[in-house]
**Student:** 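The structure under discussion is supplied below as structure tokens; questions concerning it will follow.
Keep in mind that this is a model prediction, so the values were computed, not measured. Excluded from the calculations below are hydrogen atoms, water molecules and symmetry mates; all remaining heavy atoms, backbone and side chain alike, are included.
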Amino acid sequence: MSEKKSNKNPKARLFTANFSTALSIALVLFIVAFIGLFSFHVWVLSNEIKENVSFTIYMTTDATEQDGLNLQKQVAKNPVVKNVEYHSLEEVTQMMNKDFGENHLDVLEGYNPYSASLEVHLKAKAMKVKQIKQFITTIESKPEVEMVDYRDDMINKINTVYYNLSYLVIIILLSLIFISVTLINHTIALTIRNKKLLIRSMQLVGAKPSYIRRPFLVKGLWLGLVGGLIADVLVAAVLFWMLSILNYPDVSSFYNIYILSAIGIIVLGVVLSFIFSYFAVIRNMNLKNYKLYN
């Protein structure tokens, strides 16, 4: 019985060591992937907020409905415009009646102070003060336009929050990538360092460097692959849990991003594990004799 246990223990220890290494790699990759996808969704949300900010173009009182429709077509052709909707004088009056009552114009003895208008939403990439001012200046120069109403303070606030958050996310992501690379390097280096006596034994019997490196590189590839797969499973589970809690709308348009992210994590794990395994083996092959037992 004791002999069987002694035969099983080395295999069990080897499996435990390999699994611990793969799990360490997986946890590091999971953090990088999660922060990356979190940053992506923050970016998508910020774009949605930007594109929900609207501008109102008020037509002059003598502008005809055809003038409004023609202006709508002109504005829609602008590459910075996401969509534009024309509201006739009758539609504007009906909207105001809902807000202030059917008879709110009686005090003006039938005079209608309202005018037709265009509601414009710009693309997120165009929500910059300089581009917005250029857009408004171009629109206000048209004779059928009375004025353009927009909230420049809101736009400035949104841009300020967006840029500050972007810088913060970039700093955190870069820091995590650096920490992740360092941790994976140390984990693999420690694993291979435990085999330094085996490496020296192979050198003493005349094994070629490529022959010595091969099993460690293959093992590094497998550890990176397994770590990447575990990280993808963890990311998918956490992402599904968070989206279900937040009642996030349809994410089918993000499937390509999720797939590329999953592939990228696996590739990153395999590449980093291979590179760090290669250099770790080289370092242990070049160890001085007095360091073999340290």
**Student:** Looking at every non-hydrogen atom in both residues, tell me the closest pair between I257 and F40 and how far apart they are.
**Tutor:**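 Scanning both residues completely, I find the closest heavy atoms to be CG1-CZ, 3.8 Å.
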**Student:** Determine which pairs satisfy side chain to side chain donor-acceptor pair (under 3.5 Å) with at least one residue from residues 258-270, sequence neighbours left out, and list them in order.
**Tutor:**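 Sorted pair list: H41-Y258.
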**Student:** Under the side-chain contact (heavy atoms from CB on, under 4.5 Å) criterion, do K123 and V80 qualify, and how do the steps go?
**Tutor:** CA-CA 6 Å; K123 295 178 180 178; V80 303; 5.7 Å; no
**Student:** Is a side-chain N or O of S141 found less than 3.5 angstrom from the main chain of T138, in a donor-acceptor match?
**Tutor:**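 Between the backbone of T138 and the side chain of S141 there is a qualifying donor-acceptor contact (under 3.5 Å).
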**Student:** Other than V233, which residues form its hydrophobic cluster under the rule that side-chain heavy atoms must be closer than 4.5 Å?
**Tutor:**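 In the cluster with V233 there is nothing else; it is isolated.
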**Student:** Near F38 CZ, under 6.0 Å, is it more than 12 heavy atoms from other residues, nucleotides or ligands?
**Tutor:**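 At most 12 heavy atoms, drawn from other residues, nucleotides or ligands, come within 6.0 Å of this atom.
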**Student:** With a 3.5 Å distance limit and no angle check, can you tell me whether D67 reaches the backbone of T64 through a side-chain donor-acceptor pair?
**Tutor:**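 Such a contact is found between D67 side chain and T64 backbone.
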**Student:** A22 and V226: which non-hydrogen atoms are nearest, and at how many Å?
**Tutor:**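 What the structure gives for the nearest pair is CB-CG1, 4.0 Å.
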**Student:** With a 4.5 Å limit on heavy-atom distance, are the side chains of V81 and L122 in contact?
**Tutor:**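 With C-beta onward as the side chain, the pair touches.
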**Student:** For the residue pair L223 and S273, what are the closest heavy atoms and their distance?
**Tutor:**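 Nearest heavy atoms, L223 then S273: C-OG, 4.4 Å.
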**Student:** Between L234 and F240, is there a shared hydrophobic cluster once you connect ILVMFWY residues whose side-chain heavy atoms come closer than 4.5 Å?
**Tutor:**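 As far as the 4.5 Å side-chain criterion goes, F240 and L234 are not connected within one cluster.
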**Student:** Does E144 form a side-chain contact (heavy atoms from CB on, under 4.5 Å) with N70? I'd like the steps, not just the answer.
**Tutor:** CA-CA 10 Å; E144 65 270 26; N70 290 337; over 6 Å; no
**Student:** One pair to check against side-chain contact (heavy atoms from CB on, under 4.5 Å): V75 and F135. What are the steps and the verdict?
**Tutor:** CA-CA 10 Å; V75 173; F135 171 77; 4.1 Å; yes
**Student:** Could you point out which residue of V32, V238, V235 forms a side chain to side chain contact (heavy atoms under 4.5 Å, CB included) with L37?
**Tutor:**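 Looking at V32, V238, V235, the match for L37 under the side chain to side chain contact (heavy atoms under 4.5 Å, CB included) is V235.
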**Student:** Search all heavy atoms of E85 against all heavy atoms of Q72 and return the closest pair with its distance.
**Tutor:**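 Closest approach of E85 to Q72: CA-NE2, 3.9 Å.
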**Student:** How many angstroms lie between atom CZ of F30 and atom CD1 of I35, to the nearest 0.5 angstrom?
**Tutor:**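 Here the rounded value is 9.0 Å.
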**Student:** Might you point out which heavy atoms bring V145 and T60 nearest each other, and give the distance in Å?
**Tutor:**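 Smallest heavy-atom distance, with atoms named: C-CG2, 3.8 Å.
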**Student:** Under the criterion side-chain contact (heavy atoms from CB on, under 4.5 Å), I'd like the reasoning laid out for L71 against Q74: C-alpha separation, chi angles, the key distance, then a yes or no.
**Tutor:** CA-CA 5 Å; L71 181 61; Q74 295 176 21; 4.2 Å; yes
